[in-house]
Amino acid sequence: MAEPTFRAPKGTRDILAPDSTRLRALVGEFALQAGHNGFGEVISPIFEDLGVFKRLGESTDVVSKEMFDFFDKGDPPQQLALRPELTAGICRAYAEHRPTPPWKVWYEGPQFRYEQPQAGRYRQFTQVGVEILGADDPQADIDVIVLGSRFFKSLGLRQVELALNSLGRPGDLGSRRAYEQALIEHLEQNRSSLSSQALVTLERNPLRVLDSKREQDSEVIARAPVMVDFLDDESAGHFAAVRAGLDAVGIAYEISPRLVRGLDYYTRTAFEFAATALPGAQNAVGGGGRYDGLVEDLGGPPTPGIGFALGVDRILLACDAEGVFESPPSAVDVFVVDVTGGTEALKVCELLREAGIAADRSYGGRSMKAQMKAAHRSGAPFAVIVGEDEVVAGEVTLRDMGDGGQRRVAPSLLARELTEKRTR
RNA sequence: GUGGGCGUAGCUCAGUUGGUUAGAGCGCCUGGUUGUGGUCCAGGAGGUCGGGGGUUCGAGUCCCCUCGUUCACCCCA
């Protein structure tokens, strides 16, 4: 293949129709459902001050090595970063605008992480998500999880599993510290059995050792103490309430004591959606949890928060794997064939479009045969044909591409005629 | 960041142990007389084999580098 001068940067891609249509349809479906649940859309900047994202946790990969950051042209320059996720920006917006809680928002858009690309993992990827800020009630957790779960169902996905855990609370109030100490103790005692990578992770962020998928570590991890046994009373009660709520609406889930999210800000509820139709490395199609300290970290008032983000690209892969959520058809209503030069096609198209009928035509004065082929390919159920005879008669020919039937019509009646046919 | 696979026309792929003008299907274009699609038939355009270097009388076919992609690790959506 001859190398073009430029190509989409590594880890990015052009999404062409019909894939783009499908992606829009998915986002549209999510918007509809979020709207029905009382969430309003937030459109936040694609880049923020780097500091906003540093609050995600200096020890996380997302912050420490995957950020697309840069300086602007200001004096002094400001260090900015393309957003690697959206929750932090939402919390920044909350701290900035102080909307009346509970603030229920949804969002969609591109995010950026400087990672090694592979299937279902891009440097620019799209997520949809929701957040509820200012509600500590476990009912908020439940609402959020149910929304995500129902969204997957509405797409037709059947093989999506929900994993649930509680991470407790950090600081003096909670018992995460006690758990971490117990975990570290356990891991230290078994150092010799752990992989070298696990030992590195142990130094940086002990909790995430639990996330290791390496065979070598599995035995030690299996015997490790679990967070749920250490929960403080408040967290335990919250967790129980969340489970009870999910039970009440019949959402299946599995308690995963070793589910720890990749970002440091999570507290108490944590969950993940896995599409089991996809290979393990890319089956995480969404995840979220509670982040009760994040708004405060960003200079806002102490504000609890809960939300999730879903990976649109991976969800579409899962849809492919399950053979659901086909790309919606996008044919025009009419294709106009004009062998008299093109001006007639222009006039007829405008007439139709003004009447709200989708119309297309061809360019370049091609033969009738070629234009009919184009009409066929467009998928339009009808063709309008304009030749010398029609021009002389002041009419056009309307052809039904399905049965091949056609007859002459006055242009002024065309729109009404087609509207009637379409509604039938 | 580490390791493995792959990279041939727009797309999906064939290309014997290195050897004449690199092939197929699909798609695309043009025809098949008198203005008409989906089937059929006949022509045609389009790759120098991701890029660069090397080995060789000669490389798509071997070696090195590089880019991209893919898989695993890592991490995550």
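Computed from a predicted structure; not experimentally measured. Chain identifiers are assigned alphabetically (A, B, ...) following the order of the sequence lines, protein sequences preceding nucleic acid strands; residue numbering begins at 1 within each chain.
- In this structure rU17(B) sits in no base pair that meets the Watson-Crick or G-U test at under 3.5 Å.
- Within 4.0 Å of Gln116(A), counting heavy atoms only, lies at least one base atom of the nucleic acid.
- Side-chain atoms of Lys373(A) lie closest to rG37(B) of the nucleotides rA77(B), rG37(B), rC74(B).
- If you check every strand for non-hydrogen atoms under 4.0 Å, Ala375(A) touches nothing.
- Between the base of rG38(B) and the side chain of His376(A) there is no donor-acceptor pair shorter than 3.5 Å.
- Partners of Arg22(A) by salt bridge (charged side-chain N to carboxylate O under 4.0 Å, His left out), not counting sequence neighbours, listed by chain and number: Asp320(A).
- Taking every side-chain heavy atom of Ala370(A) into account, rU30(B) is the closest of rG37(B), rU30(B), rC74(B).
- Counting to the nearest Å, the P atom of rG3(B) and the CD atom of Gln118(A) are 16 Å from each other.
- With both ends at atom C1', the span from rG25(B) to rG47(B) equals 16 Å, rounded to whole Å.
- Here the separation of rC73(B) from rG54(B), taken at their P atoms, is 39 Å to the nearest Å.
- As judged by a 4.0 angstrom heavy-atom cut-off over every strand, Arg366(A) is placed among residues touching the sugar-phosphate backbone only.
- With both ends at atom C1', the span from rC57(B) to rA14(B) equals 28 Å, rounded to whole Å.
- Remark on RNA chain B: of its neighbouring residues Arg377(A) and Phe125(A), the 5'-side contact belongs to Arg377(A), judged by nearest-heavy-atom nucleotide.
- Base engagement by Gly387(A) is indicated by at least one non-hydrogen atom pair under 4.0 Å involving a base atom.
- When heavy atoms are screened at a 4.0 angstrom cut-off, Glu390(A) is found touching base atoms of the nucleic acid.
- Taking atom P in both rG35(B) and rA9(B), one finds a spacing of 41 Å when rounded to whole Å.
- Using a 4.0 Å heavy-atom distance criterion, Val339(A) is classed as making no nucleic acid contact.
- With rG37(B), rG31(B), rG35(B) as the candidates, the nucleotide lying closest to the side chain of Met368(A) is rG35(B).
- Using atom P as the reference point in both rG53(B) and rU61(B), the two lie 14 Å apart (nearest Å).
- Closest approach to the Lys65(A) side chain among rA77(B), rC74(B), rC67(B) is made by rC74(B) (side chain taken as heavy atoms from C-beta onward).
- Checking rG68(B), rC75(B), rG35(B) against the side-chain heavy atoms of Lys10(A) singles out rG68(B) as nearest.
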